[in-house]
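Naming convention: chains lettered A, B, ... in sequence-line order (proteins, then strands); numbering from 1 in each chain.
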2 protein chains.
Amino acid sequence: MTDKMPIDPENPLKNSAFSLIDESMDDDESKGRIRLSNELIILAAAERTFSRSGFKGTTMAQIAEAAALPKANIHYYFGNKQNLYRHVLDSILHEWLTPMDDITPEADPKTALEAYVRHKMRMTFERPDASRLFANELLHGAEVINPLLSTELKNLVETKAAVLDGWIAAGKMKPVDSTHLFFSIWALTQTYADFDTQICAIQGEAAHTPEAHERATNHVLSMIFRACGLE
Amino acid sequence: MTDKMPIDPENPLKNSAFSLIDESMDDDESKGRIRLSNELIILAAAERTFSRSGFKGTTMAQIAEAAALPKANIHYYFGNKQNLYRHVLDSILHEWLTPMDDITPEADPKTALEAYVRHKMRMTFERPDASRLFANELLHGAEVINPLLSTELKNLVETKAAVLDGWIAAGKMKPVDSTHLFFSIWALTQTYADFDTQICAIQGEAAHTPEAHERATNHVLSMIFRACGLE
DNA sequence: GTCTATATCTAGATAGAC
DNA sequence: GTCTATCTAGATATAGAC
């Protein structure tokens, strides 16, 4: 399974079932070129800033500075802080909840799990801010995304856990608690973004080199494979 | 290894090497009974409130309400918000960084790791607010505790990783990346507190029953044992 | 030692000139 | 469509009565 193809943050599976935004005014045609470009700049700046300081900890002035735009423009484009936050979360959600697609009854367990874990690790290293923003939202009760978690995510996990149970029943892998295995995969992978501070404190700046990323990926893969008796 | 003995939040290993507080005015004798009692009430209220809403998201008024004391009293006892936060973090740190003591060269790998994992899982379920507060601090760059992480914690992990490497060299367990194994244990255990919202969304309120706690503990133990070839 | 009343400051939001 | 100047709400912190 390749580890090369980078993830394009600007193309998160349009028309996904997951969305926090009410009016689907996503048709880019109706927006001016400048507006569209500025919105993307603001969203990127907001993701970085919210990620570092949380919702309350972030000020509109900080976002404006990060976007190199006057503060009032942020309000002009997104109305208020809450609404901007929802848009940022929405742009992350698609990517976060979709890479499980590889896990199907017909797939080979080792190949499918490796693809999934590698996908999660790549997201962790390429978009750590997105991971931390999502983590922060969960950590504080997920007021905004809870509705989506208990419907879409719940269904998704139940479906995929059933696939794992099928593999186990067919003797293709060792018995594991399939639902908890997903919690474990999320925990093992996302910790490299969410608690990067701690990892850096222990390993130093070297934790950010490609070699360190590969070492981490191999470790996590090994954990999952051993858990499933796949090596 | 027993899973029964509860952790006493009011007795976190006095005289530990880890501390964020400058003046060691911890000698309880010099403080009035009322002051001491009120300080504990405030610290507990602050832990809950900071945990739910983060540092900026928490207001002194919320803490005062949770402590059932007038707002001005919080300032009277702790001076300002920052200082109160440091005290709360300090009271958590001891517990967080010490339960690795069981991991010594002489110990049996399976017994020692099981004790450590069970200890972490118990803390996760008994003091989820403390776990989330710590997670939040890391997530946002650990401005307050970074100094301690890159000294005390770094040393601790290096020492304990060497113990694991010794076990591996002695053929007592399968080769693993010992440093990353600690990251994995922390991630696997703390996820049940930090991302409880997500787990609840998937498993429902049943996630909070003793049976669910046991199921989670067994799953995590199994993950670690299989990773180390200990079952 | 306790708490009410208040000063001060910060940040979200907007009016209105350009 | 852009941005300066300003309003207002709400939070930290404290002065001073009890």
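Residue-level contact check: B/Tyr77 touches the backbone only, with heavy atoms under 4.0 Å from sugar-phosphate atoms and none from bases.
Listed by chain and residue number, B/Glu211, B/Ala212 satisfy the side-chain contact (heavy atoms from CB on, under 4.5 Å) test with B/Thr209 (two or more places apart in sequence, or in another chain). With sequence neighbours excluded, no residue satisfies side-chain hydrogen bond (donor to acceptor under 3.5 Å, both in side chains) with B/Trp96. Listed by chain and number, the residues in a side-chain contact (heavy atoms from CB on, under 4.5 Å) with A/Ser150 are B/Ala201 (sequence neighbours excluded).
Non-hydrogen atoms lying under 4.0 Å from DNA chain D are contributed by B/Thr58, B/Thr59, B/Met60, B/Lys71, B/Ala72, all within residues 58-74 of chain B.
With A/Tyr85 as reference, A/Leu133 is the one residue of A/Thr58, A/Leu20, A/Leu133 to meet the side chain to side chain contact (heavy atoms under 4.5 Å, CB included) rule.
A heavy-atom distance below 4.5 Å is found between the side chains of A/Leu181 and B/Met223.
First and last contacts of DNA chain D with chain B, using any nucleotide atom under 4.0 Å from a protein heavy atom and ordered 5' to 3', fall at D/dA11 to D/dT14.
Ring geometry, B/Phe50 versus B/Phe55: the interplanar angle falls under 30°, so the pair is classed parallel (tilted spans 30 to 60°).
Using modelled atom types and a 3.5 Å distance limit, the side chains of A/His180 and B/Asn218 yield no donor-acceptor pair.
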For residues 67-80 of chain A, run the donor-acceptor check on the side chains, cut-off 3.5 Å, and write out each pair with its distance to 0.1 Å, sequence neighbours left out.
residue : atom : partner : partner atom : Å
A/Tyr77 : OH   : A/Asn38 : ND2          : 2.9
A/Asn80 : OD1  : A/Gln82 : N            : 3.3
A/Asn80 : OD1  : A/Asn83 : N            : 2.9

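Judged by closest nucleotide on DNA chain D, A/Tyr76 is the one of A/Tyr76 and A/Lys56 placed further toward the 5' end.
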